Amino acid sequence: MIRTTFNKLREVKDALPHGSMDAIATELGIASDEVRGIFNGTAANGYHLDPGPDGGIVTLDDSRILEVALRVVWTSKNGL
């Protein structure tokens with residue numbers, strides 16, 4: 001489980017290179033819509049949004065999507 005803000009999730013989404021959502025979904029063996037749902041706030045399961053600063057406090061029951069997304073962002077920014 002991980003907690004962050006909705007705006008932080010949007011920052012990660014905006015930093016992802018084109019086509020990353022599909023690549024993340026393929027790596028994790030899930031649907032692309034599930035990945036998009038985490039970053040758009042429309043995920044059906046394992047996504048909890050509570051009122052708070054920066055668009056609200058998001059609790060993710062499963063942090064794998066965010067972890068892979070952060071790795072992709074880091075890799076793209078560092079030219080690896």
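This is a predicted model, so every value here is computed, not measured. All values below were derived from every heavy atom in this structure, side-chain atoms included, with hydrogens, water molecules and symmetry-related copies excluded.
Taking CE of Met21 as the reference point, atom NZ of Lys13 lies at 5.5 Å (rounded to 0.5 Å). The line from CG of Asn45 to CD of Glu34 is 7.5 Å long, rounded to the nearest 0.5 Å. One finds the CZ atom of Arg3 at 6.5 Å from the CG atom of Asp50 (value rounded to the nearest 0.5 Å). Separation of atoms CZ (Phe6) and CG (Asn40) is listed at 7.0 Å; rounding is to 0.5 Å. The CG atom of Leu49 sits 10.0 Å away from atom OG1 of Thr5, with the distance rounded to the nearest 0.5 Å. Note: Ile24 CD1 to Arg64 CZ = 12.0 Å, rounded to the nearest 0.5 Å.
The shortest side-chain heavy-atom distance between Thr59 and Ile2 does not fall under the 4.5 Å cut-off.
When all heavy atoms of Asp22 and Ser32 are compared, the closest pair comes out as OD1-OG, 2.6 Å. Between Tyr47 and Ile38, the closest heavy-atom pair is CE1-O, 3.3 Å. Across every non-hydrogen atom of Ser76 and Ala15, the tightest pair is OG-O, 4.5 Å. Here the closest non-hydrogen pair linking Ser20 and Val72 is OG-CG1, 3.6 Å.
Ionic pairing of Arg10 and Asp54 is not present here: no N-O contact between side-chain nitrogen and carboxylate oxygen is shorter than 4.0 angstrom. Using a 4.0 Å cut-off between a side-chain N of Lys or Arg and a carboxylate O of Asp or Glu, Glu27 and Arg71 qualify as a salt bridge.
Under the 4.5 Å side-chain contact rule for hydrophobic residues, Ile57 and Phe39 do not share a cluster. There is a path of hydrophobic side-chain contacts, each under 4.5 Å, that joins Val68 to Ile30.
Heavy-atom neighbours of Asp14 CG from other residues, nucleotides or ligands within 6.0 Å: above the threshold of 12.
Side chain of Ser63 to main chain of Leu66: no donor-acceptor pair is present (N/O by atom type, distance under 3.5 Å, no hydrogens or angles).
The residue from Leu9, Val12, Val35, Leu70 that alone fulfils the side chain to side chain contact (heavy atoms under 4.5 Å, CB included) condition with Ile65 is Val35.
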